[in-house]
Protein chains: 2
Amino acid sequence: MTKAHPTLTERCRQEGLRLTGPRRVILQVLEASDDHPDVEELHRRVEAIEPGVNIATIYRTVNTLAEHGLIERHSFADGRMRFEIVPETHHDHFINVETGEVVEFRSDEIERIQEEIARQYGFDIVSHTLDIYVRPRKG
Amino acid sequence: MTKAHPTLTERCRQEGLRLTGPRRVILQVLEASDDHPDVEELHRRVEAIEPGVNIATIYRTVNTLAEHGLIERHSFADGRMRFEIVPETHHDHFINVETGEVVEFRSDEIERIQEEIARQYGFDIVSHTLDIYVRPRKG
DNA sequence: CTCATATATGCGAATCACTCGCATCTAAGC
DNA sequence: GCTTAGATGCGAGTGATTCGCATATATGAG
Ligand SMILES: [Mn+2]
Ligand SMILES: [Mn+2]
Ligand SMILES: [Zn+2]
Ligand SMILES: [Zn+2]
């Protein structure tokens, strides 16, 4: 048996965050999401489970979760912030410019070269975003 | 003698954009900028040359120039849009998280691998942004 | 050179995503 | 069961960007 990663709820407890009713639902929605929802979409999904949660609570919760390193914020070209649980292993994103669909990929080689170049410039990498806007190949 | 690239003003004319007073000053400011100014900073620089240009005009002009492919928009982590003339050869950016300073770099290798991976996924690349947030190496 | 008109500008109002103030509520430790 | 720091709901506030509209002007035609 491989040991499953700690759930978001467990990680919240570890971080000393309170598990309130609204927060539990938001965590559940985040766990169930395999895409990159924005705040409004999260709100919609939360409302579907338990109506009455204010959108300001979604905003505050994602901010808290991001500050504690439990979720990642993304800002693709459309403006709004999007979120996903911090993945086990880092990945970057293709964004289909026609549909907005997001596809994840990882290149160990690109990651390595980034480190190499940063070192040449005398920098330590804190984080990075590689967003590749694409369209399906014709023919 | 190498032939100099067409100036922004020339490219505007090619695109059929009118060369008004305010617009000429904005183009001049963009040509003179070797950093990545946001709209307020552009406005400040324009006002220093010719007061009275409204900030809405700056917004409209950078949008027009970007739509015509004459300048690039960037959105680093600080929220506001930043701009630079479309460079002769593409580059990516380091952003110093302590100072906000932006340093440009280019890796042919990273560019090549991106194309390779996109092809594997069945995509054509439209554009991409690689923003690496860094801090000066200690020691 | 003069005119006609599509474009651009100034200005204030509007929008949009997001944040804040504050009264109220509640999870969680004792 | 208390206590209290932290969380929530709600409405107001922000900051960046866009829009509506009246006015001005660049540019091409004549
Ligand atoms: Mn992802
Ligand atoms: Mn640049
Ligand atoms: Zn990466
Ligand atoms: Zn690049």
Side-chain angles (χ1 to χ4, degrees), chain A residues 8-30 36-47 49-68 70-83 100, chain B residues 8-30 36-47 49-68 70-83 100:
Chain A
L8 254 193
T9 305
E10 288 166 353
R11 275 180 276 182
C12 277
R13 222 187 287 277
Q14 284 171 17
E15 294 288 322
L17 298 174
R18 284 195 189 168
L19 293 170
T20 66
R23 187 167 287 176
R24 278 172 197 280
V25 180
I26 295 169
L27 298 176
Q28 173 187 342
V29 165
L30 283 166
H36 302 77
D38 60 19
V39 167
E40 282 207 25
E41 180 58 29
L42 287 172
H43 189 227
R44 247 176 264 123
R45 295 179 191 180
V46 166
E47 286 281 291
I49 297 173
E50 180 178 304
V53 177
N54 194 280
I55 196 164
T57 298
I58 312 282
Y59 275 107
R60 282 190 279 234
T61 302
V62 292
N63 285 344
T64 300
L65 296 176
E67 280 159 20
H68 286 262
L70 307 189
I71 65 177
E72 277 179 1
R73 310 159 150 291
H74 298 295
S75 66
F76 302 136
D78 65 5
R80 357 188 187 349
M81 285 286 164
R82 295 171 174 279
F83 302 89
Chain B
L8 255 192
T9 304
E10 288 166 354
R11 275 180 278 181
C12 277
R13 222 186 289 275
Q14 284 171 19
E15 294 289 322
L17 298 174
R18 285 192 187 170
L19 293 169
T20 66
R23 187 167 285 175
R24 278 170 197 282
V25 179
I26 295 168
L27 298 176
Q28 172 188 342
V29 164
L30 283 166
H36 302 77
D38 61 18
V39 167
E40 283 207 25
E41 180 58 29
L42 287 173
H43 189 227
R44 247 175 264 124
R45 295 179 192 181
V46 165
E47 286 282 290
I49 297 172
E50 179 178 305
V53 177
N54 194 280
I55 195 162
T57 299
I58 313 283
Y59 275 106
R60 283 190 279 233
T61 302
V62 292
N63 285 343
T64 300
L65 295 176
E67 280 158 21
H68 286 262
L70 306 189
I71 66 178
E72 277 179 3
R73 309 159 147 292
H74 299 295
S75 66
F76 302 137
D78 65 6
R80 2 190 183 351
M81 285 285 163
R82 296 172 173 279
F83 301 89

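Here is the naming used below: chain letters follow the sequence lines, and residue numbers restart at 1 for every chain.
At a threshold of 4.0 angstrom between heavy atoms, the contacts of A:Asn63 are confined to the sugar-phosphate backbone, with no base atom among them.
Here the P atom of nucleotide D:dT8 and the CD atom of A:Glu47 are 14 Å apart, to the nearest Å. One can place CD1 of B:Ile58 at 15 Å from P of D:dA16, the figure rounded to the nearest angstrom. Between the CZ atom of B:Arg80 and the P atom of D:dT18 there is a distance of 15 Å, given to the nearest Å. One atom, CD of A:Glu67, and another, P of D:dG6, lie 13 Å apart when rounded to the nearest Å. Atom CD of B:Glu41 is separated from atom P of D:dT17 by 14 Å (rounded to the nearest Å). If you measure from atom CG of B:Asp78 to atom C1' of C:dA17, you get 16 Å, rounded to the nearest angstrom. The interatomic distance linking B:Leu19 (CG) with D:dG28 (P) rounds to 10 Å, in whole Å. Per the geometry, NE2 belonging to A:His43 stands 14 Å off P belonging to C:dA17, to the nearest Å.
Residues satisfying the salt bridge (charged side-chain N to carboxylate O under 4.0 Å, His left out) test with B:Arg44, not counting sequence neighbours, are B:Glu40, B:Glu41. For B:Asn63, the side chain to side chain donor-acceptor pair (under 3.5 Å) partners two or more places apart in sequence, or in a different chain, are B:Arg73. By the side chain to side chain contact (heavy atoms under 4.5 Å, CB included) test, A:Ala77 is found to be paired with A:Tyr133, residues two or more places apart in sequence or in another chain being considered. By the ring pair (Phe, Tyr, Trp, His ring centres under 6.0 Å) test, B:His36 pairs with B:His74, B:His93, sequence neighbours left out. Scored by the side chain to side chain contact (heavy atoms under 4.5 Å, CB included) test, B:Tyr59 finds B:Val39, B:Ile55 as partners (sequence neighbours excluded). Taking the salt bridge (charged side-chain N to carboxylate O under 4.0 Å, His left out) definition, one finds that B:Glu72 meets it with nothing, sequence neighbours left out.
Although no hydrogens or angles enter the test, the distance criterion places a donor-acceptor pair under 3.5 Å between the side chain of A:His43 and the main chain of A:Val53.
A residue-by-residue look at B:Glu40 and B:Arg13 shows that B:Glu40 has its nearest nucleotide of DNA chain D further toward the 5' end.
Dashed line: the shortest gap from a side-chain N or O of B:Tyr59 to OP1 or OP2 of D:dT18 is not under 4.0 Å.
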Below 3.5 Å, can you tabulate the donor-acceptor pairs from side chains in residues 12-19 of chain A to any protein atom, sequence neighbours excluded?
unit_1, atom_1, unit_2, atom_2, d
A:Glu15, OE1, A:His68, ND1, 2.9

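Bending across the helix from C:dC1-D:dG30 to C:dC30-D:dG1, expressed as the angle between its end axes from five pairs apiece, amounts to 40° (10° rounding).
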Q: Between protein and nucleotides 4-15 of chain C, map the contacts as a letter string: B base, S sugar-phosphate only, - none, heavy atoms under 4.0 Å, written 5' to 3'.
A: --BBSBBB----
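Residues B:Glu47 and B:Gly52 come closest through the heavy atom pair OE2-N, 2.9 Å.
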